[in-house]
Amino acid sequence: MTDNTEISREAKPLDFIRQIIAEDLRSGKHQQTVTRFPPEPNGFLHIGHAKSICLNFGIALENNSPCHLRFDDTNPSKEESAYVESIKRDVKWLGFDWGQDLFYASDYFDRLYGYAIQLIKLGKAYVCELSAEEIRAYRGTLTEPGKESPYRNRTIEENLDLFQRMKDGEFDEGSRVLRAKIDMGSPNLNMRDPVIYRILKVAHHRTGNTWCIYPMYDYTHCISDAIEGITHSLCTLEFEDHRPLYDWFLDTLKTACHPRQIEFARLNLTYTVMSKRKILQLVQGDYVQGWDDPRMLTISGLRRRGYSASAIRKFCTDIGIGKKESWIDMSVLENAVRDDLNETAPRVLVVLNPLKVIIDNYPQGQSEEMEAQNHPQRPEMGSRKIPFSREIYIERDDFMEDPPKKFFRLGPDREVRLRYGYFIRCVSVVKDAASGEITEIHCTYDPETRGGSAPDGRKVKGTIHWVSAAHAIQCPVRLYDRLFLTENPDADKQVDFKEHLNPNSLTILDNCMLEPSLAKAQAGESFQFERHGYFCADLISSQPGAPAFNRTVTLRDSWIKTDKS
RNA sequence: UGGGGGAUGGUCUAAUGGUAAGACAGCGGACUCUGACUCCGCUUAUCGAGGUUCGAGCCCUCGUCCCCCAGCCA
């Protein structure tokens, strides 16, 4: 990371979490902060995780202190090391560095087991033989207290023996659990003797078959935080009810370190779904082409789509941190990437839907090179040559036979400027006799207007992009649109969210014409296709000399919004 | 009819007893060899009712609405 301030949001007022931290530092409660990002390796990271990553690692950067990457891997039936690798890659790509502080909850399985024995010896945990269904029934409801398990008052010795035998694999899955002994009458259901260990005869991605009992999240998370000396344990709102339990474990075990859990609102974005479960469904049901499908708001999908890490970081600081459930408009994300790419992306000319233009008075067989700026606002980015010749392609949308008043582009007997080229005037239109479709148009050019201005001072309102037909590189371009048609695909619980999928979220154009300089586009490189938007050479399907492009985001377009009649 | 949270323009976020501010979106205009960028201007908000106070988005009381919790998931 070269520039911390970019990540660390200098000017913005402190959010409520940073205020708490500032106060803890000021009062001397803590000398430094230690935060952590604790993903479960059961899927790919998405934009919602980015919010948490930017928060936790951002705080670390601001305070020159560590942020741990800790995998919360206590449920081997859902977790895989492939996910671990993808998560590490994505956090790194986002620009963050955990240094030496890479941890796994599974690193603590021995200590967690020891703490459980301690709990038993304290008379605060017991082995319960109720079935899952019975435990649920005994738990009571939101308005009625639970009932105590008949196994609740076993002796410490008996519990120790049974727990040992659970660990040794003597019992079947589901036949016994270890429970904390708290309060079956608590209005907080999390405190009604929660399960802390269950039997799972499943191999773990790191510990293999060493264990057949695995600790639950509530038990594991607080102890892992305490072991690592975390000062502020930041999580999402749904864990608010778990905080008393988090505190109970640490108080009961009298750990030396007792981190403070603080909850903030998770990210919701319009026109998408954020839950891992639903994202998994899209991947496994082939509604998209994998976790890194550019329509997905996974980190890997966004990367392939052409989002820069800095755009994602900017988005995360833009949206802020709060405690109320919020829905961020997709336009905020799009704005962040436009802002970023506008600064950095070289400009190029690309015709997406070609229409052949023949310049009747331009000499046959001649061509010349026109000078084009790589970034008009940033001369230091230099310029390049683009070939011009008698036959060119322009955008089909840039010609209308019967244009409305405010159409500044080409039409019969109208004149436009070719970007970095000449003024041309349309003299005739050729159509396919059968279909009536325009197949080519004929124009004349004004040799005096080379470079784009007329010595006689006449103005043209429109400037359009073009590519020399003889020099163009034909290329596929994928146009992406939002994956869902409705703002909140989850809103109606009666309707499956997949019903709201946008059938036109992907459009493949295979006859696009690139200016020749794009032959050397590197996979992953971003460009602005002038008058269209930002595009990046696809990470996977681009070949040297034969790129394929993904549209990251369109340019803002006030023309499509105007009343064209 | 339990418990835990939350309500500021269309959407987010700020204002921490003292002029309700910024971003996104929207609308209008200027500029323009990208209908982009940039610039300028505008519309739009403190959930309700009481109270405390010289002064309340902020404090108090009573309401209303929304979200979360009954996994051997995290």
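Just so it is clear, the model here is predicted, and its values are computed rather than measured. No hydrogens, no waters, no symmetry mates; every other heavy atom, side chains included, goes into these values. In what follows, chains carry the letters A, B, and so on, assigned in the order in which the sequence lines appear, proteins first and then strands, with residues in each chain numbered from 1.
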**Q** Reckon A/Ile464 touches a base, only the sugar-phosphate, or nothing at all at heavy-atom distances under 4.0 Å?
**A** nothing
**Q** Please state whether the phosphate of B/rA74, meaning OP1 or OP2, lies under 4.0 angstrom from any side-chain nitrogen or oxygen of A/Thr74.
**A**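 Yes, such a contact exists.
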**Q** Within the structure provided, determine whether A/Leu162 and A/Tyr151 are in side-chain contact (heavy-atom separation under 4.5 Å).
**A**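 Result no, sub-4.5 Å side-chain heavy-atom pair not found.
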**Q** Hey, which sits more toward the 5' end of RNA chain B by its nearest nucleotide, A/His242 or A/Leu189?
**A**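 Its nearest nucleotide lies further toward 5', so the answer is A/Leu189.
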**Q** Return no unless some side-chain N or O of A/Ser558 is found under 4.0 Å from OP1 or OP2 of B/rA36.
**A** yes
**Q** Using the P atom as the reference point in each nucleotide, state the distance between B/rG71 and B/rC66 in Å, no decimals.
**A** 24 Å
**Q** State whether A/Gln19 places a side-chain N or O below 4.0 Å from either non-bridging phosphate oxygen (OP1 or OP2) of B/rA15.
**A**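 Checking A/Gln19 against B/rA15: at least one side-chain N or O falls below 4.0 Å of OP1 or OP2.
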**Q** Hey, could you give me each pair passing salt bridge (charged side-chain N to carboxylate O under 4.0 Å, His left out) that has a residue in residues 374-383 of chain A? Not counting sequence neighbours.
**A** A/Arg378-A/Glu380
**Q** Find the distance A/Arg18:CZ to B/rU16:C1' and express it as a whole number of Å.
**A**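 To the nearest whole Å, that distance equals 18 Å.
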**Q** Measure all distances between protein nitrogen or oxygen atoms and nitrogen or oxygen atoms of nucleotides 6-12 of chain B, and list the pairs falling under 3.5 Å.
**A**
from   : atom 1 : to       : atom 2 : distance (Å)
B/rU8  : OP2    : A/Lys324 : NZ     : 2.0
B/rU11 : O3'    : A/Trp327 : O      : 3.4
B/rU11 : O2'    : A/Trp327 : O      : 2.5
B/rC12 : OP1    : A/Trp327 : N      : 3.1
B/rC12 : O5'    : A/Trp327 : O      : 3.4
B/rC12 : O2'    : A/Ile319 : O      : 3.0

**Q** Measure distances between side-chain N and O atoms of A/Arg243 and base N and O atoms of B/rG4, and say whether any donor-acceptor pair falls under 3.5 Å.
**A**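 Side chain to base: no pair below 3.5 Å.
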**Q** With heavy atoms under 4.0 Å as the rule, sort A/Arg417 into base, sugar-phosphate or nothing.
**A**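 Result for A/Arg417 = base.
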**Q** Taking atom C1' in both B/rA70 and B/rG18, compute the distance separating them and give it to the nearest angstrom.
**A**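 Their C1' atoms lie roughly 48 Å apart.
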**Q** For A/Glu415, which of A/Lys461, A/Arg425, A/Arg409, A/Lys459 qualifies under salt bridge (Lys or Arg N to Asp or Glu O under 4.0 Å)?
**A** A/Arg425
**Q** Mind checking whether A/Tyr83 and A/His205 have ring centres under 6.0 Å apart?
**A**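 Ring centres of A/His205 and A/Tyr83 not closer than 6.0 Å.
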**Q** Reckon A/Phe407 touches a base, only the sugar-phosphate, or nothing at all at heavy-atom distances under 4.0 Å?
**A**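 Base contact.
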**Q** So, is A/Arg198 near the phosphate of B/rA74, with a side-chain N or O under 4.0 Å from OP1 or OP2?
**A**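 Checking B/rA74 against A/Arg198, a side-chain N or O does come within under 4.0 Å of OP1 or OP2.
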**Q** Strictly below 4.0 Å: does A/Arg338 bring a side-chain N or O up to OP1 or OP2 of B/rA36?
**A**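 So the side chain of A/Arg338 is outside the cut-off, no N or O lying under 4.0 Å from OP1 or OP2 of B/rA36.
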**Q** Nearest of B/rG35, B/rA74, B/rU34 to any side-chain atom of A/Lys406?
**A** B/rG35
**Q** Are A/Tyr219 and A/Tyr197 an aromatic pair by the rule of ring centers under 6.0 Å?
**A**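 Ring centres of A/Tyr197 and A/Tyr219 closer than 6.0 Å.
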**Q** Looking at A/Thr298, A/Leu302, A/Ile328, A/Thr272, which one forms a side-chain contact (heavy atoms from CB on, under 4.5 Å) with A/Ile47?
**A** A/Leu302
**Q** Name the nucleic acid region contacted by A/Pro39, choosing base, sugar-phosphate or nothing; use a 4.0 angstrom heavy-atom cut-off, strictly under.
**A**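 A/Pro39: no heavy atom of the nucleic acid under 4.0 Å.
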**Q** Determine the Euclidean distance between corresponding C1' atoms of B/rC67 and B/rC72; express it in Å to zero decimal places.
**A** 27 Å
**Q** So, applying salt bridge (Lys or Arg N to Asp or Glu O under 4.0 Å) with A/Arg266, which one of A/Glu325, A/Glu240, A/Glu238 is it?
**A** A/Glu238
**Q** Is NZ or CZ of A/Arg36 both nearer than 6.0 Å to the six-membered ring centre of A/Phe103 and within 45° of the ring axis?
**A** no
**Q** Using atom C1' of each nucleotide, how far apart are B/rG9 and B/rC47 to the nearest Å?
**A**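 B/rG9 and B/rC47 have their C1' atoms separated by 14 Å.
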**Q** Categorize A/Tyr214 for me: base, sugar-phosphate, or nothing, with a 4.0 angstrom heavy-atom threshold over every strand shown.
**A** nothing
**Q** Given the side-chain rings of A/Tyr126 and A/Phe163, with only the six-membered ring counted for Trp, is the space between their centroids under 6.0 Å?
**A** no
**Q** Identify the residue among A/Leu418, A/Val348, A/Asp398 that makes a side-chain contact (heavy atoms from CB on, under 4.5 Å) with A/His465.
**A** A/Asp398
**Q** Using a 4.0 Å heavy-atom cut-off, does A/Lys276 contact any base of the nucleic acid, only the sugar-phosphate backbone, or nothing at all?
**A** nothing
**Q** Is it the case that the base of B/rA36 and the side chain of A/Gln377 share a donor-acceptor contact (distance under 3.5 Å, atom types as modelled)?
**A** yes
**Q** Give one of base, sugar-phosphate or nothing for A/Thr270, where a contact means two heavy atoms less than 4.0 Å apart.
**A** nothing
**Q** If I pick the P atom on B/rC65 and the same atom on B/rA49, what distance separates them, to the nearest angstrom?
**A**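 One P to the other, the span is 16 Å.
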**Q** When you check the phosphate oxygens OP1 and OP2 of B/rG71, does a side-chain N or O of A/Arg139 lie under 4.0 Å from one of them?
**A**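 The answer is yes; a side-chain N or O of A/Arg139 sits under 4.0 Å from OP1 or OP2.
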**Q** With sugar-phosphate meaning primed atoms plus P, OP1 and OP2, does A/Arg419 contact a base, only sugar-phosphate, or nothing at under 4.0 Å between heavy atoms?
**A** base
**Q** Across the strands shown, which category fits A/Leu130 at heavy-atom distances under 4.0 angstrom: base, sugar-phosphate, nothing?
**A**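 The answer is base, as A/Leu130 lies within the cut-off (heavy atoms under 4.0 Å) of a base atom.
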**Q** For the residue pair A/Tyr246 and A/Asp225, confirm or rule out a side-chain donor-acceptor distance under 3.5 Å.
**A** yes
**Q** Please classify the nucleic acid contact of A/Arg409 as base, sugar-phosphate, or nothing, using heavy-atom distances under 4.0 Å.
**A** base
**Q** Base, sugar-phosphate alone, or nothing: which one does A/Glu144 contact when heavy atoms must sit under 4.0 Å apart?
**A**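 No contact at all - A/Glu144 keeps every heavy atom at 4.0 Å or more from the nucleic acid.
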**Q** Does a nitrogen or oxygen in the side chain of A/Arg347 sit under 4.0 Å from OP1 or OP2 of B/rA36?
**A**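 Answer is no, no contact under 4.0 Å.
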**Q** Does the ring of A/Trp559 meet both stacking tests against the six-membered base ring of B/rG35: centre distance under 5.5 Å and plane angle under 30°?
**A** yes
**Q** On RNA chain B, compare the nucleotides closest to A/Asn335 and A/Pro376; which residue's is nearer the 5' end?
**A** A/Asn335
**Q** Which of these nucleotides, B/rA74, B/rG2, B/rA14, is closest to any side-chain atom of A/Tyr217?
**A**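 Side chain of A/Tyr217 sits closest to B/rA74.
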**Q** Which dot-bracket string fits RNA chain B when only Watson-Crick or G-U wobble pairs with both atom distances under 3.5 Å count, crossing pairs get [ ], and | stands for a partner on a different strand?
**A** .((((((..((((....[..)))).(((((.......)))))....(((((..]....))))))))))).....
**Q** Tell me what A/Tyr197 touches on the nucleic acid: a base, only sugar-phosphate, or nothing, going by heavy atoms under 4.0 Å.
**A**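 Touches nothing.
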**Q** Just label B/rG6 as syn or anti from its O4'-C1'-N9-C4 or O4'-C1'-N1-C2 angle, using within 90° of 0 for syn.
**A**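 Anti conformation for B/rG6.
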**Q** Side chain of A/Asn188, base of B/rG4: donor and acceptor closer than 3.5 Å?
**A** no
**Q** Using a distance-only test with no angle check, is there a side-chain donor-acceptor pair under 3.5 angstrom linking A/His242 and A/Gln261?
**A** no
**Q** Rounding to the closest angstrom, what is the interatomic distance between B/rG57 and B/rU16 at atom C1'?
**A**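 Comparing C1' positions in B/rG57 and B/rU16 gives a spacing of 11 Å.
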**Q** Could you check A/Lys276 against A/Glu40 for salt bridge (charged side-chain N to carboxylate O under 4.0 Å, His left out), going step by step and ending with a plain yes or no?
**A** CA-CA 11 Å; A/Lys276 269 195 196 173; A/Glu40 182 188 14; 5.0 Å; no
**Q** Under 4.0 Å, counting only non-hydrogen atoms across every strand here, what does A/Asn342 touch: a base, just sugar-phosphate, or nothing?
**A**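 Since only primed, P, OP1 and OP2 atoms lie under 4.0 Å of A/Asn342, the category is sugar-phosphate.
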**Q** Regarding A/Asn188 and A/Ser186, do their side chains bring together a donor and an acceptor under 3.5 Å, going by distance alone?
**A**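 Distance-only check fails for A/Asn188 and A/Ser186.
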**Q** Check every strand shown and say whether A/His465 touches a base, only sugar-phosphate, or nothing at a heavy-atom separation below 4.0 Å.
**A** nothing
**Q** Under 4.0 Å between a side-chain N or O of A/Arg531 and OP1 or OP2 of B/rG35?
**A**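 The answer is yes; a side-chain N or O of A/Arg531 sits under 4.0 Å from OP1 or OP2.
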**Q** From C-beta outward on A/Lys561, which listed nucleotide comes closest to its side chain: B/rU34, B/rG26, B/rA74?
**A** B/rG26
**Q** Using atom C1' of each nucleotide, how far apart are B/rU44 and B/rC31 to the nearest Å?
**A** 28 Å
**Q** For B/rC39 versus B/rC24, give the span between their P atoms, rounded off to a whole number of Å.
**A** 10 Å
